[in-house]
Amino acid sequence: MIQIALTIAGSDSGGGAGIQADLKTFAFHRVHGASALTCITAQNTLGVDRVQALSPEMVAAQIDAVVGDLGASAVKTGMLFNREIIEAVTDSIERWRLTELVVDPVMVSRTGARLLDDRAIASLIENLLPLASIVTPNRYEASILSGIEIDSLETMREAAAIIHQLGPAAVLVKGGGLPGKLRGVDLWFDGQEWETFTTKTVETTNTHGTGCTLSAAIAANLALGANRKTAVKKAKTYVTKALEHALAIGHGTGPVGHFYPLLASPPSS
Ligand SMILES: Nc1ncnc2c1ncn2[C@@H]1O[C@H](COP(=O)(O)OP(=O)(O)OP(=O)(O)O)[C@@H](O)[C@H]1O
Ligand SMILES: Cc1ncc(CO)c(N)n1
């Protein structure tokens, strides 16, 4: 039986991050991907030019349509953009009792564009984080959520402990934005166990969408029945492979190669 995963996130017109990255990641994992769009970004490898949010009612209606008919074995949230959308999403998740929830607390793009307004951060912390099975902040997001400047494994640890107190079952602080060897190191804390997930650092500047891809791959593995830690471990292996086959397209930061095994052998006509 095919499993179903739902992503609640924004559209990246350039196809590297957001909903587009999530659906490719779900498909790679042979999970049926459903989506609830929160906003549309006019975006490419150089940055975000414009954002238009959908109404919170429209976001909730998409979640209702998907979950009411198909169900969802796992859910991930990405770019939620404003407080009203976060409240609608939180409400829907509670109403439908969606329990395997990966929250990627997307706040800024790699190129510095704001993807979450300031009023929304308090709502994310108060309403959404307590519902999360796993929250996956990058260095910058972990700093905002914890109030700690992050520049080492020790400070990642301090931040993870503080973020765990905000209510998610587990925290994964990602090292992608850190210098040197820490770039491939993510730190896990679930209130009891600490674990460092380490892969080699991939030398590429084409890293657009790594965070979206990781959280979608975690959700896909959860939908397939993996336990939370195993889902993270498998997702990290996938992101590393996709980074190794990142696409040098566009004039800025290219996307990861979601379908890397297929890139080696184009379809025959
Ligand atoms: N150069 C790299 N080599 C190996 N792993 C990396 C590299 N860059 C990022 N990663 C991994 O990719 C995943 C995503 O982390 P990252 O910190 O880049 O997320 P992010 O900033 O939310 O991404 P984005 O906002 O671009 O989608 C993590 O597992 C991280 O360790
Ligand atoms: C739509 C969207 N979601 C998430 C990110 C973060 O990478 C992005 N750049 N765009």
Side-chain angles (χ1 to χ4, degrees), residues 5-28 33-56 58-59 62-63 75-86 88-89 102-121 124 128 136-142 144 174 176-177 183 202 204-220 235 238-239 242-243 245-260 263:
L6 166 66
T7 168
I8 306 170
S11 164
D12 168 4
S13 52
I19 288 273
Q20 288 81 359
D22 296 344
L23 292 177
K24 286 180 221 183
T25 302
F26 291 160
F28 179 91
S35 58
L37 226 68
T38 56
C39 58
I40 297 168
T41 69
Q43 182 174 182
N44 56 27
T45 64
L46 295 169
V48 178
D49 294 332
R50 199 164 160 159
V51 180
Q52 183 163 334
L54 270 76
S55 70
M58 188 59 204
V59 176
Q62 293 172 80
I63 300 172
V75 179
K76 77 148 268 190
T77 63
M79 179 176 174
L80 298 175
F81 194 55
N82 65 33
R83 196 177 65 192
E84 292 73 19
I85 292 176
I86 292 179
V89 168
V102 183
V103 173
D104 184 3
V106 173
M107 293 183 191
V108 257
S109 76
R110 205 161 271 272
T111 50
R114 294 304 305 251
L115 303 179
L116 187 68
D117 71 29
D118 284 336
R119 295 178 317 131
I121 294 177
L124 180 92
L128 195 56
T136 62
N138 64 18
R139 171 197 194 176
Y140 174 82
E141 294 147 359
I144 300 218
K174 298 174 294 190
R183 257 202 294 171
V202 182
T204 177
T205 51
N206 297 317
T207 55
H208 183 56
T210 47
C212 303
T213 301
L214 180 78
S215 53
I218 296 172
Y238 172 63
V239 172
L243 264 168
H245 296 83
L247 309 179
I249 55 173
H251 298 88
T253 305
V256 301
H258 288 97
F259 282 100
Y260 59 87
L263 296 173

Quick one: which residue pairs count as a salt bridge (charged side-chain N to carboxylate O under 4.0 Å, His left out) with a foot in residues 5-22, not counting sequence neighbours?
D22-K76

Run the numbers on I63 and V75 for side-chain contact (heavy atoms from CB on, under 4.5 Å), then give the verdict.
CA-CA 10 Å; I63 300 172; V75 179; over 6 Å; no

What side-chain hydrogen bond (donor to acceptor under 3.5 Å, both in side chains) pairs are there with at least one residue in residues 249-260, not counting sequence neighbours?
T213-H258

Heavy-atom closest contact ([X] atom, [Y] atom, distance):
| X | Y | value |
| --- | --- | --- |
| P105 | L124 | CB-CD2, 3.8 Å |
| A120 | I86 | O-CD1, 3.5 Å |
| A17 | C212 | CB-SG, 3.8 Å |
| P137 | A142 | CB-N, 3.6 Å |
| G211 | D104 | O-OD2, 3.4 Å |
| L54 | V59 | CB-CG2, 4.3 Å |

Check side chain to side chain contact (heavy atoms under 4.5 Å, CB included) between N82 and all other residues, then give those that pass, not counting sequence neighbours.
A53, E84, I85, D117

Residues passing the side chain to side chain contact (heavy atoms under 4.5 Å, CB included) test with I144, sequence neighbours excluded, are M107, I121, Y140

Chi angles and distances behind the side-chain contact (heavy atoms from CB on, under 4.5 Å) call for I8, L80:
CA-CA 8 Å; I8 306 170; L80 298 175; 4.1 Å; yes

Once you round to the nearest 0.5 Å, how far does [atom1] of [X] lie from [atom2] of [Y]?
| X | Y | atom1 | atom2 | result |
| --- | --- | --- | --- | --- |
| T77 | L128 | OG1 | CG | 5.0 Å |
| T25 | F259 | OG1 | CZ | 8.0 Å |
| T204 | H245 | OG1 | NE2 | 11.5 Å |

Passes side-chain contact (heavy atoms from CB on, under 4.5 Å), T210 versus L214? Steps please.
CA-CA 6 Å; T210 47; L214 180 78; over 6 Å; no

Between L263 and L247, does the side-chain contact (heavy atoms from CB on, under 4.5 Å) criterion hold? Intermediate values first, please.
CA-CA 10 Å; L263 296 173; L247 309 179; 3.8 Å; yes

Contacts of F26 meeting ring-ring contact (aromatic ring centres under 6.0 Å, His included) (sequence neighbours excluded), chain-then-number -> none

For R183, side chain to side chain donor-acceptor pair (under 3.5 Å) partners two or more places apart:
E203

With sequence neighbours excluded, residues passing side chain to side chain donor-acceptor pair (under 3.5 Å) with T45:
none

Partners of K24 by salt bridge (Lys or Arg N to Asp or Glu O under 4.0 Å), sequence neighbours excluded?
none

Under 3.5 Å donor-acceptor pairs involving side-chain atoms of residues 35-44, not counting sequence neighbours:
{"unit_1": "T38", "atom_1": "OG1", "unit_2": "A9", "atom_2": "O", "d": "3.2"}
{"unit_1": "T38", "atom_1": "OG1", "unit_2": "G10", "atom_2": "N", "d": "3.4"}
{"unit_1": "T38", "atom_1": "OG1", "unit_2": "M79", "atom_2": "O", "d": "2.7"}
{"unit_1": "T41", "atom_1": "OG1", "unit_2": "S11", "atom_2": "O", "d": "2.6"}
{"unit_1": "T41", "atom_1": "OG1", "unit_2": "Q43", "atom_2": "NE2", "d": "2.8"}
{"unit_1": "N44", "atom_1": "OD1", "unit_2": "L46", "atom_2": "N", "d": "2.8"}
{"unit_1": "N44", "atom_1": "OD1", "unit_2": "G47", "atom_2": "N", "d": "3.2"}

